[in-house]
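Reviewing the structure listed below.
Each chain gets a letter, A, B and so on, in the order its sequence line appears, and its residues count up from 1. FYI, side chains are in, hydrogens and waters are out, and symmetry mates aren't considered; it's all heavy atoms of this structure.
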Amino acid sequence: MLEKEYYPQQIEKKWFDIWEKTKPYKVDDNSPKPKYYALSMFPYPSGKLHMGHVRNYTITDVVARFKKAQGFNVLHPMGWDSFGLPAENAAIQHGADPETWTLDNIAYMKKQLKMLGLSVDWDREVTTCLPDYYKWTQWLFVQLFKKGLAYKKTAPVNWCEKCHTVLANEQVIDGKCWRCDSEVTKKNLSQWFLKITDYSEELLKDLDLLTGWGDNVKTMQSNWIGKSNGAILKFKVKEIEGLEIPVFTTRPDTAYGITYLVVAPEYKDIEKLTTPENKEKVEEYRENAKKLSEIERLSTERIKTGVPLGTHIINPFTGRVCPIWVADYALVDYGTGAVMAVPYHDDRDFDFARKYNLPMVQVITGENFKEGECFTDKQGTLVNSGKFDGMQADKARDAITKFAEENGFGSFKTQYRLRDWLISRQRYWGAPIPVVYCPKCGTVPVNEKDLPVMLPKDVDFSVQGKSPIETSPTFKETTCPICGEKATRETDTMDTFVCSSWYYMRYSDAKNSEKCFDKDLVNKWLPVDQYIGGIEHAILHLLYSRFFTKALRDCGLLSFDEPFKNLLTQGMVLKDGSKMSKSKGNTVDPDDIYRNYGADTARLFILSDSPPARDFDWTDAGVEGCYKFICRVYRLYSKYQNQIKKDYEFDFSSLSKKDSDLVRQTHIAIKKITNDIENEFQFNTVISRYREFTNSIYDYTKDENSINYDVLSFALLTLLKLISPVCVFMSEEIYSSLGFSDSIHDLPWCSYDNDLAKTANITLIVQVNGKIKDKLEVESDLSNEELEELAKKAPKTSEFIMDKTIVKTIVVPNKLVNIVVK
RNA sequence: GCCGAUGUGGCGAAAUUGGUAGACGCACCAGACUCAAAAUCUGGCGUGGCUCACCCCACGUGCCGGUUCGACUCCGGCCAUCGGCACCA
């Protein structure tokens, strides 16, 4: 029996307990049904769920439930991105063990997720900080190492003093640390990298395959990869026999206009290129450049500075002798670290040449050209360029490069902005990089049988200035996997983004203790059919995962090219117009919502109002409204629970108008809701349809005496199934109380009859010259001639057309008639 | 500077293919029920005008222009907001 009023707390608790025991969402790898893989970006176990999580996981859950009802074998897993700095900071500040801190948080958040009613197969749970997972992260690192895709080099890297570790380029946002927002500096260190640049072209090109991704994310990735086509031109140094300076340029067509050359302060040959009389000034300049922060150095506002080295290059095109300068507007890690300067046709060179009185030569002319002003148009005609004079600039780019190639001082070159992925971190709470340094054998990966390299427990978190892992008396000393002699372990751990680059593969075979995953299983379940998460991972996680997929494919571990077929980046959850955050004090605790309204209300509300990709404004009134709606739905079933027939039966053709209208409304509801879900998961309109349909049923029951209970049963049982992916607890409670012994969540999705999924009558719009003059209630599916006749006879139209000539009449079936008169 | 997205009532928004702009909800207003309140139910709710009690007219989807019988939707040009990239040669 259903209570008269809805009590979410009791009902949700009841089904929570039942589902804990019955595990209704266990996935069968061998099901003959077609597979569907629905995936949420897994959370970092920070302590408690926030509303962003609730939104993310509710969307994915409704997708998973909908696909399951449509007959798919759905994989909907969940796990924990559980390595990372917050756990370590908790250890430093409160003396907690990072593992205990993390696992406690996981336990709490897992309960919160279960209370949200997610249809997750918890037997596939993945926790990246546990040895049964990071063993395989390490194993994969070894595979990449063997394949030459993991390597160690000394390079100027991003350093965050506050986090006391290096960072990948992707983790530096506007010169600041992505996590703590403090300024990043450059340090020259020996670090581990993954060779993502080997895949620059494929990562860029395959964006075209990702038709299920938004353009915003694809553009961001494409910008980040930053491909430019151009040329390498090589210049002989006049004063030093045999020394050449290569430069990368996208404008070889301007090569005749070169008047000087710039090298970065960190340029490798800079000392050779400096003459004794300039040495002091150059040294001073380089020292100053080193002191500048990244933000200062990269600011476009800054006035350019530089000093001459005293040496020169010879422009092979013109024979002109050009001075070499050092200036920090040349970047050491892009292109070759040296730039050819063409002041007349490049803004930066122009500013610099003006300031230091360097000569300028015009080599391109065009429509907007003005004497004495920098002319940067890429279209134009060459002048002062020898045999290339009169050539169009775009043609000249190829011709001049070709000329340089034939004469041995240049070649075509494609340059990418993407850098290799720096993965070492000088922190404790991560997967140890499984490498040993042997004085005899060099850098050696740990034997696979010795994995995992366990994180040591005997560490002191209070140390400053080095990684806590270094304090372990037992970790560092080991023996060489090859020669067995004394050797030392690598003490750096891996960037957590390495762990999260393959977790979605592990779900396909989460408990395998022999392999990272079975090849058949990973190929069966992947790629992910629908991936859902925040836009903040547009570059970081999504780019790294794409790289991992391609790299593991080339290691022979799997056979697909892209991990995520469709991507939905959900908007943020706002309150009072700004992002929920502790510092602003505008957060909403899911536990409070569960307690006061129940998880179904939270699910319903977070899906309503805004489409998933847009930001969502959380309001207390909105929650209240959704709760009232749930109660309103519940009351319908509570009131008619004794009249609802499990085996309803009716003959449509003999129904009264009122009854057949409700049957039509039911079919319309199924059609629209199904379409809205399939059309980019427009859950906000799905929920509008729930309300519309519920209102129709209320209208129907207004006159108690004329209710046909077969028709009402059809409508109510349909509504119950339609709403079940969203209101998972209430729908199951009602369904079971009506005496059904199975679960509403196991029922197939509702089907509709297209002929019945429309109203019996339509409103015919009558226009004269495109302006609405009348609206007529007419039967649907009349012929064009009949509609035209009706429109012309309508009293309101006839007065408009009386004394005019009808030029033409446009009829849109079932919609409108437009009479054009003169 | 380059690239991407967005722009519709007081607010969140809706509108397969060009065809009733504002569905559905929030807020608000009025009525019913009640001693009263909450809850619930019913109705109203873009702007302006009128010879106005519910009839009618004009205007209205960021701005300007175009295509069309007809434009939130298509085309051209702007503006604003948000996001990404950027001394990248």
Checklist outcome for this item: Scoring nucleotides 64-71 of chain B by protein non-hydrogen atoms under 4.0 Å (B base, S sugar-phosphate only, - none) yields -----B--
Protein and nucleotides 54-57 of chain B: nitrogen or oxygen contacts under 3.5 angstrom:
from  : atom 1 : to       : atom 2 : distance (Å)
B:C56 : OP1    : A:Lys796 : NZ     : 3.3

Using a cut-off of strictly less than 4.0 Å, decide whether [X] has a side-chain nitrogen or oxygen near OP1 or OP2 of [N].
X        : N     : result
A:Asn695 : B:G25 : yes
A:Arg632 : B:U40 : no
A:Lys771 : B:C59 : yes
A:Thr219 : B:G84 : no

Partners passing side-chain contact (heavy atoms from CB on, under 4.5 Å) against [X] (at least two apart in sequence or in another chain):
X        : answer
A:Phe350 : A:Arg354, A:Met360, A:Cys374
A:Ala168 : A:Glu170, A:Gln171, A:Trp421, A:Arg425, A:Tyr544
A:Asn684 : A:Pro611, A:Gln682

Identify the pairs formed between an N or O of the protein and an N or O of nucleotides 45-50 of chain B at a distance under 3.5 Å, and give each distance.
none

Next on the checklist: Salt bridge or not between A:Arg251 and A:Asp253? Use side-chain N to carboxylate O under 4.0 Å.
Outcome noted: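 Counted as a salt bridge, because a side-chain N and a carboxylate O are separated by less than 4.0 Å.
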Checklist entry - Are any of the side-chain nitrogens in A:Glu201 or A:Lys227 under 4.0 Å away from the carboxylate oxygens of its partner? => result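 A salt bridge is present here (some side-chain N lies under 4.0 Å from a carboxylate O).
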Item to check | 5' priority, RNA chain B, between A:Asp699 and A:Ser228 [closest heavy atom] | outcome: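 Upstream on the strand: A:Asp699.
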Checklist entry - Can a donor-acceptor pair under 3.5 Å be found between the side-chain atoms of A:Thr250 and the base atoms of B:A89? => result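 Side chain to base: no pair present.
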Checklist entry - Taking only residues two or more places apart in sequence or in another chain, which ones pass ring pair (Phe, Tyr, Trp, His ring centres under 6.0 Å) with A:Trp618? => result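 Partners of A:Trp618 under the ring pair (Phe, Tyr, Trp, His ring centres under 6.0 Å) test: A:Phe605.
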Which residues share a salt bridge (Lys or Arg N to Asp or Glu O under 4.0 Å) with [X], sequence neighbours left out:
X        : value
A:Arg55  : none
A:Asp349 : none
A:Asp269 : A:Lys272

Next on the checklist: Side chain of A:Trp224 only, heavy atoms from C-beta on: which candidate in B:C88, B:C85, B:G25 is closest?
Outcome noted: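 In terms of side-chain proximity for A:Trp224, the closest of B:C88, B:C85, B:G25 is B:C85.
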Next on the checklist: Measuring from the side chain of A:Asp609 (C-beta onward, heavy atoms only), which nucleotide among B:A39, B:G12, B:A86 has the closest atom?
Outcome noted: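 Nearest nucleotide to the side chain: B:G12.
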What pairs of donor and acceptor atoms, side-chain ones from residues 759-771 of chain A against any protein atom, are under 3.5 angstrom apart with sequence neighbours left out?
from     : atom 1 : to       : atom 2 : distance (Å)
A:Thr759 : OG1    : A:Asn761 : O      : 2.9
A:Thr763 : OG1    : A:Glu777 : OE2    : 3.1
A:Asn769 : OD1    : A:Val821 : N      : 2.9

Item to check | Check against side-chain contact (heavy atoms from CB on, under 4.5 Å), A:Ser228 and A:Phe248 | outcome: CA-CA 10 Å; A:Ser228 30; A:Phe248 172 73; 4.2 Å; yes
Checklist entry - Please, what dot-bracket string fits RNA chain B when only Watson-Crick and G-U pairs with both distances under 3.5 Å count, crossing ones use [ ] and pairs to another strand use |? => result (((((((..(((......[....))).(((((.......))))).((((......))))..(((((..]....))))))))))))....
